[in-house]
Amino acid sequence: MILAGATALLAQQQGGGDQEAMLRQQRALQSNRAEIERLIDLRMRHDLGLPKDQNDDVFTRRVESSSQAIDEMDRRLREETAVTDQTRRRFDELRKEVDQLRNAAASRLQEEERERSFITVPTSGSRISYGEQEPGIPMPTQPSAVSAPAPSGESKPAPRISDADLLGLDPVQAQIHGSEDHMRVAQALFKAGQVLLDRGESARNRGSAELGRELDDRARERLQRAVDELQPLLEQKAPPFVALFYLGRCRELLFRYGERHEGLSLGKNPAEYQQREQQVREPFLQITARDVSKAGERGQAQVLGSWGEAAQAAVEHFRWMNLRGGYDVRAKIESLTWPGEGER
């Protein structure tokens, strides 16, 4: 009986110890889970930029509160502030440089687009047809300025029409001088002379002969200035194709002006007529002689480049206009008759 009682007491003590150990493990598990949840919550608040719990010191660095520690922190703060200010200034400088580079790139792109439009080969016969007016640009038939009547017995000259009135532009506000880009100046003068010749033809078709003559004279002056502007480029050993092409086009328009106002005619003065024709062809022939490349298996065939083809087309157009330019189909149509016309 004594042995049985001792055995039961020992078993009871062992069961109580296991229960207490199990309770301790459960409490530790709950504590670990609470710590994990707290750390996860802190991580989420940190990622979201929320303030952390004031009672938590996980991310808090404990430092001494002595005067030396405070001085050291002030020194480090000043250093960090100086570094921040320097970095911000450097950032502002780089941003300004980037803006300048972007503006320069945009300007360069616009300049290249204008250069491409300038260097584009002008096609023969691309001007406005005679008798037609470019849409959107008014064509005056008389001076727009109203002048006071002249005193009796005195004649007052007619007021001179400005280029702004003739081309439908705003009044001239300033003029730019001293450009060293001879090609661009010559191109601008050529285009202005071309437009003025077209305006002159339109004015004559509407019965304004004086206005047409004034427009043609202004066009002639600009074309001659364009030829003079091309001289520095033409004096080179191998003049640019674009300069030669515009020289030929200017001479061609001056040739038409001579036919219209200077009595240039093959029947009246064949020597001068042929000399002027040769002057027009000369720049185009120089282009076709230079802008060639060899092709074929043995390199015997010669192929014209783009400038050579344009020059050849310009020469052919000039020749065709000299032969067929005076043809008027309206006169032939009006001369046609049919039976019974008089009876009607």
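Atom CG of Leu94 sits about 4.0 Å away from atom CZ of Arg90, to the nearest 0.5 Å. Between the CZ atom of Arg204 and the CG atom of Leu215 there is a distance of 8.0 Å, given to the nearest 0.5 Å. One distance of note links CG of Asp228 with CG of Leu223; it measures 11.0 Å at 0.5 Å rounding. Atom CZ of Arg220 and atom CD of Gln224 lie 4.0 Å apart (nearest 0.5 Å). Atom-to-atom distance recorded for Leu101:CG and Arg108:CZ is 8.5 Å, nearest 0.5 angstrom. Taken to the nearest 0.5 Å, the CZ atom of Arg33 stands 7.5 Å off from the CD atom of Gln30.
Met321 and Arg256 get closest at one heavy-atom pair: CB-NH2, 3.1 Å. In plain terms, the two heavy atoms of Leu196 and Ala219 that are nearest each other are CB-CB, 3.6 Å. For the pair Tyr273 and Ser265, the tightest heavy-atom approach, listed with the atom from each and the gap, is CD1-C, 3.6 Å. Nearest heavy atom pair, residue Leu233 against residue Pro240, reads O-CD, 3.9 Å. Heavy-atom minimum distance, Gly200 versus Asp216: CA-OD1, 3.9 Å. Here the closest heavy-atom approach between residue Asp291 and residue Trp307 is recorded as OD2-N, 3.1 Å.
The 12-atom threshold is exceeded at CD of Glu262, counting heavy atoms of other residues, nucleotides or ligands nearer than 6.0 Å. Annotation for Glu79: atom CD counts as buried by contact number, over 12 foreign heavy atoms lying within 6.0 Å.
Arg222 places a side-chain N or O within donor-acceptor distance of the main-chain N or O of Arg218, the cut-off being under 3.5 Å. Panel note: side chain Ser31, backbone Arg27; no donor-acceptor pair is recorded below 3.5 Å.
Contact check for Tyr246 versus Met183: side-chain heavy atoms found under the 4.5 Å cut-off. Residues Arg260 and Leu197 form a side-chain contact, since some pair of their non-hydrogen atoms from C-beta on lies under 4.5 Å apart. Side-chain contact between Phe241 and Arg290: present, with at least one pair of heavy atoms (C-beta onward) separated by less than 4.5 Å. Inter-residue side-chain proximity for Gln25 and Leu29 is flagged as unmet; no heavy-atom pair is nearer than 4.5 Å. Side chains of Leu244 and Phe284 form no contact here, defined as non-hydrogen atoms less than 4.5 Å apart. Considering only heavy atoms from C-beta on, Glu201 comes within 4.5 Å of Asn205 through its side chain. Side-chain contact between Ser293 and Val303 is present, with heavy atoms from C-beta onward closer than 4.5 Å. Side-chain contact between Arg206 and Ser202 is present, with at least one heavy-atom pair separated by less than 4.5 Å.
With hydrophobic clusters built from ILVMFWY side chains whose heavy atoms lie under 4.5 angstrom apart, Phe255 does not share a cluster with Leu285. Clustering ILVMFWY residues whenever any of their side-chain heavy atoms sit less than 4.5 angstrom apart, transitively, puts Leu254 in the very cluster that holds Val280.
Checked for salt-bridge contact, Glu252 and Arg249 meet the test: a charged N lies under 4.0 Å from a carboxylate O. Ion pair Asp85/Arg88 flagged as a salt bridge, since at least one NZ, NE, NH1 or NH2 atom sits closer than 4.0 Å to an Asp/Glu carboxylate oxygen.
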Go through the steps to decide whether Leu230 and His182 satisfy the test side chain to side chain contact (heavy atoms under 4.5 Å, CB included), and finish with yes or no.
CA-CA 6 Å; Leu230 290 171; His182 300 286; over 6 Å; no
Begin with the C-alpha distance, continue with both residues' side-chain angles, and end with the deciding distance and a verdict on side chain to side chain contact (heavy atoms under 4.5 Å, CB included) for Asn322 and Glu259.
CA-CA 10 Å; Asn322 292 339; Glu259 286 183 324; 4.3 Å; yes
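The side chain to side chain donor-acceptor pair (under 3.5 Å) check on Asp99 picks up nothing, with sequence neighbours excluded. In terms of the side-chain contact (heavy atoms from CB on, under 4.5 Å) criterion, residue partners of Val292 (sequence neighbours excluded) are, by chain and number, Leu304.
Exactly one residue among Arg75, Gln68, Arg76 makes a side-chain hydrogen bond (donor to acceptor under 3.5 Å, both in side chains) with Glu72. That residue is Arg75.
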